[in-house]
Amino acid sequence: MCGIVGFAGVRQAAPILLEGLKRLEYRGYDSAGLAVQSDGKIVVSKARGRLSALCKLTHDGADIDGTVGIGHTRWATHGEPSYINSHPHMSHDGAVCVVHNGIIENYLALRAFLEAQGYEFVSDTDTEIISQLLAYCYEGDPVEAVKRARGYLEGSYALGILFRDRPEAIYAVSKDNPLIVGLGEGENYMASDVTAILKHTRRVFRLNEGEMAVITKDCVSVTDEYGMGVDKTVTEVTWDADAAEKGGYEHFMIKEILEQPEVIQKTANPRIVDGRIDMGLKRITREDLRGVDNICIVACGSAYHVGCVAKPILKRLCRLPVSVELASEFKYADPLVDARTLVIVISQSGETIDTYHALKEAAARGARIVSVVNVVGSTIAAASEDVIYTWAGPEIAVATTKAYSAQLIVLYMLAMYIGRIRETATREQERELIAELNALPAAVARALNDKEGVQYLASLYYSSKDVFFIGRNIDYALALEGSLKLKEISYIHSEAYAAGELKHGTISLVEQGTLVIALCTYAPLKDKLVSNIKEVKSRGANVIALANEGDEDIAQVADHVIYIPRWGQTTMPSLAIIPLQLFAYYVASLKGCDVDKPRNLAKSVTVE
Ligand code: F6R
């Protein structure tokens, strides 16, 4: 989704802004632009399409002279991707220039109001309202203008603002949308995402709601909504900048897939203390967990699919009713959560607005909230009672792989942790899980070793038009993720079905040559899956089965079998997902798709 970067220093701003925007490309975008304070005016340059177009237009920034500026990558929400609609947006008098992430909900009313005052608009965006509104509110004091303008704005925003009269400063504010300030030597930065500025500084802080930062080369001052100075705590980012580089791989996605053994180890190990699982919760006590009478998981997309895998595991180990809710639906569905509900919020980015709203809704109803988040200090992490971090490191490919795997690990462990406290899981089960977790990285590495086999199957089927993924129980939850992975990066239509549901309608779509990927790793229902495979085979389907090593009978019914190491039932999903990720990756690569940045998608979904 949209990305923001800002720079104030003595070096030329444009090349630094372009480089920062490059780091944000992974978030997904359709146009890019920058604005630089240059000789008493604000110079704007923008281009539709890839960042390379803007680099070409500005000769890698060399054409724009100036040491203070803001840049933006836009993911269209209001108005088509076009030159006019791309950011930055200037006020009609050239006095104020804005880059914006988020959505202004009352923009039509504000536009009508400003038009009535004689303001002329050129774009279809909600962002242009902000620059015009700031010009309307400006009477010589930028801080006052920003304060006044905020009073009119409804919705969510992270803003980088330039005032022509203050060529030395960037003004930054945010509401429900992340903004980070980075501190350098004789230069300072702002960004929507720390990766944009990591090359220059690791010393950062996050702007909280209501705060405003004024950023110049020598100083950053922060005030709260009442104009009082705020002393921010500076965090040292410990991420290795190289972790956000491709490191010789063709795509981030394959690099991230191959990192999974290490990620699993990093996520599990710190939570195994003296042979016991300890999730390190700080606010939700053991007593609280004993008092819970139901669990509700909320998340979006792949994180929701993690919830679907976790549900039967939580039920089995905690003996509690568990629901898994799509965060985008949750708030509007009068959810049945209260003080006896433990809400588990899952989010890689920690910024997904639907998930954040669901969290707020659950909290307002008194639920206890623990979030499972990858990005340290993100909005969801900050708003949760307790946070369990997945130590997956920066995930750059839009399609999640390693964060999904890390989330699974946390959920297995959390289920056991709660189960042990409630005495619904035994010490023996805890020992078994720990043994599985210790051995899992090596088993995942083995599953990854077979990547050429999966690549071969991808080469047979990459021109498929429709693909069906089928499975039962946990295999069905995995099928949901396998199908999403394939469709989002290869643009092949695919659906996941609970295998037993096929005959209630969908099987009518199966015809000669339809590809069906049948997940048969859930041992208790393997025989049922064999019957389902026979059903689709007899209607002409080509079947790739995913099976446990040793299940040779599957090879009698399927056209191809991918075997995964035979494994314990709880952590088996961590192995089964590997070939599905690889299959999606190789199909998309063979089709020549933009694997890391699929069309229309964004890494961090900060609009509803
Ligand atoms: C799919 C994918 C998305 C995200 C979803 C939630 O590969 O990555 O479906 O899982 O947008 O994002 P987070 O986890 O950041 O809340």
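Everything numeric in this text was worked out from a predicted model, so none of it was measured. One-based numbering, in listed order, for ligands and for the atoms of each.
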If the cut-off is 4.0 Å to any non-hydrogen atom of [X], which atoms of ligand 1 fall inside it?
X      : answer
Glu488 : 1 (C), 7 (O)
Ser349 : 13 (P), 15 (O), 16 (O)
Val398 : 8 (O)
Ala399 : 7 (O)
Ser347 : 13 (P), 14 (O), 15 (O), 16 (O)
Lys485 : 1 (C), 7 (O)
Ala303 : 10 (O), 14 (O)
Gln348 : 13 (P), 14 (O), 15 (O), 16 (O)

Q | SB check Lys597 Asp30 (cutoff 4.0 Å) | A |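 Here Lys597 does not pair with Asp30 in a salt bridge, since their nearest N and O are not under 4.0 Å apart.
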**Q.** Proximity of His251 and Tyr585 rings by center, below 6.0 Å
**A.**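 Between His251 and Tyr585, the centre distance is under 6.0 Å.
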**Q.** Matching residue for Gln581 among Glu256, Glu481, Lys485, Gln260 - test: side-chain hydrogen bond (donor to acceptor under 3.5 Å, both in side chains)
**A.**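 For Gln581, the side-chain hydrogen bond (donor to acceptor under 3.5 Å, both in side chains) test succeeds with only one of Glu256, Glu481, Lys485, Gln260, which is Gln260.
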Q) Taking everything shown except Lys591 itself, do over 12 heavy atoms lie less than 6.0 Å from its NZ? A)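 Yes.
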Q. Got a sec, which pairs hit side chain to side chain donor-acceptor pair (under 3.5 Å) with one end in residues 569-579, sequence neighbours left out?
A.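 Sorted result for residues 569-579: Arg316-Thr570, Tyr412-Ser574, Glu436-Thr571, Trp567-Thr571.
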Q) Among Ala299, Ser378, Ser302, Pro598, which one has a heavy atom closest to atom 4 (C) of ligand 1? A)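 Heavy atom nearest to atom 4 (C) of ligand 1 belongs to Ser302.
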Q.
Tell me which pairs pass ring-ring contact (aromatic ring centres under 6.0 Å, His included) where either residue lies in residues 362-392, with sequence neighbours left out.
A.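 Every pair satisfying ring-ring contact (aromatic ring centres under 6.0 Å, His included) with a residue in residues 362-392: Tyr389-Trp391.
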Q) Given Asp594 and Arg50, is the salt bridge (Lys or Arg N to Asp or Glu O under 4.0 Å) satisfied, shown in steps? A) CA-CA 12 Å; Asp594 193 349; Arg50 289 296 177 209; 2.9 Å; yes
